[in-house]
Q: 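Sending over a structure as structure tokens; questions will come in a sec.
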There are 2 protein chains.
Amino acid sequence: MVNGVPFPCSILEQAAHLADGVDNVVPIHPSPFKVACASCAVREVCLPLGFGADDLRRFDPLVARRRTVRRFEALYRSGEPFRALFAVRTGFFKSSLAPKCGREQVTGFQMAGEVLGFDGIASERHTTDAYALEDSQVCVIPYFELETLSRDMPELQRQLHRIMSREIVRDHAVMLLLGSMRAEERLAAFIANLADRLRARGFSGSRLVLRMTREEIGSYLGLKLETVSRAFSRLQEDGVLEVRQRHVTVIDAAALERIAHPLAN
Amino acid sequence: MVNGVPFPCSILEQAAHLADGVDNVVPIHPSPFKVACASCAVREVCLPLGFGADDLRRFDPLVARRRTVRRFEALYRSGEPFRALFAVRTGFFKSSLAPKCGREQVTGFQMAGEVLGFDGIASERHTTDAYALEDSQVCVIPYFELETLSRDMPELQRQLHRIMSREIVRDHAVMLLLGSMRAEERLAAFIANLADRLRARGFSGSRLVLRMTREEIGSYLGLKLETVSRAFSRLQEDGVLEVRQRHVTVIDAAALERIAHPLAN
DNA sequence: CGCGAGCTTGATGCCGATCAATGCATGTGG
DNA sequence: CCACATGCATTGATCGGCATCAAGCTCGCG
């Protein structure tokens, strides 16, 4: 599944990564006047959402490091020591549980502005794997320093709690989906959710390119890849979507919503 | 489902509750020398876990209020303003999503020492319902004050983050269960988990009394109540459990574990 | 061009949902 | 005390949706 062929720099990256999960990063600030978050394209959907100029200035040094993760490489793996959270700057990730000898369970997909790694706080070790589904870049947020700074920055503290809470709410929604929705409904909810998140980032919510395989979608939705494929075909027949491999166009957004929320009618 | 017959004090309770979610509480500390958390039976599995005497003294006034919730009554409901977290002191709760006109999805069961309400932080409104499954008492932890205090108490801050992270990890485990386990495996995992938590609280992990109905178990596990019943019968036939109504005895703990973690072999 | 990974589509079978009846414990009123 | 109602649990029969097994298909790429 995950490509094992080393890219030119992947061995070094991985070694550094295994060392402490935070190395292999490039300091930013080529000029001392630049404020990274302030100029970041996804600031409005990321951790420093709502920060004033002053808060931004204080928060900025915390995320002064970045890390590049190429397609199919791991940002972190289950069992590794937890030292930092990661905010996606560019690219796309999947998080998954990989019980040994069992099939993987994808627990989420993360796009620009979203933060990964909260599962590691409890035990000080990561409990999920995070893989890049395309060449990506993340901001490294050292957790110990984040804790310290958030004691002095109520706005940061609030935002951190909000994001963790949102993750819990999101997980509940997935439980509802897995526990009581049928295949087509699950897929519709999935596509509708992706579209919403893309729209919030200024992209089209009607023409999307999937970054993940049918198998990964299936793992997330508790379905086999064949069932995902059939559900796509059916939504296409019904004039809701147009599907061509990984290119999906939403034809009838209202219908999509209706299918995705069958219990809310 | 939920008993609508008002108990002697339930109307008052509910009115106060609707008003701000924190009222209807009794100040504790009948004597100024008592420290509530220090003398609490479940301190070792609750929020102030690991606090020294000094931290305990500072944390204590924060949870100076309690609230009694009788069987079938709501601690809070989806949509109500979020103002506090609640730590279970005695009793047993279920949390659930109740999409209007749809079937409910139970998202978790909480016993003594466990904290409810994190889902409300993100939107400042509760997104789940919490119902007492037996007469219960909770400690009210006003959230705004908790935020403030945790800025001054690194140990509290850490513990709060740990608990939220643990909830995320737990939710991931439920996703794995819902996404890829079969009925018997789900039920075995559920019983094994309950037993573990009871054992951590000093109760027997082999003789347990279920506080919830088959339907609620089914909702949590993504199964119909008949399937839960059949799975119980099968586990009994196989000599793993003994089941008599809500009384469950674990006969073969090793087998239970084996069934509950089919992917880890 | 030909290979292979990923996707689609078809045929079949199984697990759990659904429908339905019975059992069991508790409570209530005559 | 019994007759009856009620809520929950068990068990059986049948049905349906998704998994499984098995071909083909598409597209990108060496």
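In what follows, every chain begins at residue 1, and chains take the letters A, B, ... in the order their sequences are listed. Only this structure's heavy atoms are used, side chains among them; waters, hydrogens and symmetry mates stay out.
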Q: Is any side-chain N or O of Ser233(A) closer than 4.0 Å to OP1 or OP2 of dT9(C)?
A: yes
Q: Of all the nucleotides listed (dT8(C), dC8(D), dT9(C)), which has the minimum atom distance to the side chain of Arg230(A)?
A: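 Side chain of Arg230(A) sits closest to dT9(C).
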Q: Output the rounded distance in Å from CD (Glu226(B)) to P (dG12(D)).
A: 14 Å
Q: Are side-chain heavy atoms of Asp171(A) and Glu167(A) found at a separation under 4.5 Å?
A: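 Sidechains of Glu167(A) and Asp171(A): in contact.
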Q: Can you tell me if Arg199(B) has over 12 outside heavy atoms packed within less than 6.0 Å of its CZ?
A: yes
Q: Phe232(A) versus Arg214(A): any side-chain heavy-atom pair under 4.5 Å?
A: yes
Q: Find the distance Gln236(A):CD to dT8(C):C1' and express it as a whole number of Å.
A: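 Distance, rounded to whole Å: 11 Å.
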Q: Rounded off to whole Å, could you give me the NZ-to-C1' distance for the Lys224(A) and dC15(C) pair?
A: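 Going from Lys224(A) (NZ) to dC15(C) (C1'), I get 14 Å.
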Q: Could you tell me the separation between the CZ atom of Arg182(B) and the P atom of dA17(C), rounded to a whole number of Å?
A: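 The distance from CZ of Arg182(B) to P of dA17(C) comes to 13 Å, rounded to the nearest Å.
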Q: Where each residue is assigned the nucleotide of DNA chain D containing its nearest heavy atom, which of Ala183(A) and Arg244(A) is assigned the position nearer the 5′ end?
A: Ala183(A)
Q: Between dT8(C) and Ser229(A), is there an OP1 or OP2 to side-chain N/O distance shorter than 4.0 Å?
A: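 Yes, because at least one side-chain N or O of Ser229(A) sits under 4.0 Å from OP1 or OP2 of dT8(C).
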Q: In whole Å, I'd like the distance from the CG atom of Leu177(B) to the P atom of dG16(C).
A: 12 Å
Q: Any base atoms under 4.0 Å from Gly218(B), or only sugar-phosphate, or nothing? Heavy atoms, all strands.
A: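 Gly218(B): no heavy atom of the nucleic acid under 4.0 Å.
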Q: From C-beta outward on Leu225(B), which listed nucleotide comes closest to its side chain: dC7(C), dT10(D), dA9(D)?
A: dT10(D)
Q: Round to the nearest Å and state the distance from Arg71(A) atom CZ to dG6(C) atom C1'.
A: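 So the CZ-C1' distance, Arg71(A) to dG6(C), works out to 11 Å.
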Q: Where do Ser96(B) and Asp129(B) land on the side chain to side chain donor-acceptor pair (under 3.5 Å) test, with the steps shown first?
A: CA-CA 5 Å; Ser96(B) 56; Asp129(B) 298 345; 4.7 Å; no
Q: Arg214(B) CZ to dT11(D) P: how many Å, rounded?
A: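 Between P of dT11(D) and CZ of Arg214(B): 10 Å.
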Q: From CZ of Arg211(B) over to C1' of dA9(D), roughly how many Å is that when rounded to an integer?
A: 18 Å
Q: The side chain of Leu223(A) lies closest to which of these nucleotides: dA9(D), dA19(D), dG17(D)?
A: dA19(D)
Q: Looking only at atom types and distance, does a side-chain atom of Thr249(A) sit under 3.5 Å from a main-chain N or O of Ile251(A), one as donor and one as acceptor?
A: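 Checking the backbone N and O of Ile251(A) against the side chain of Thr249(A), no donor-acceptor pair under 3.5 Å is found.
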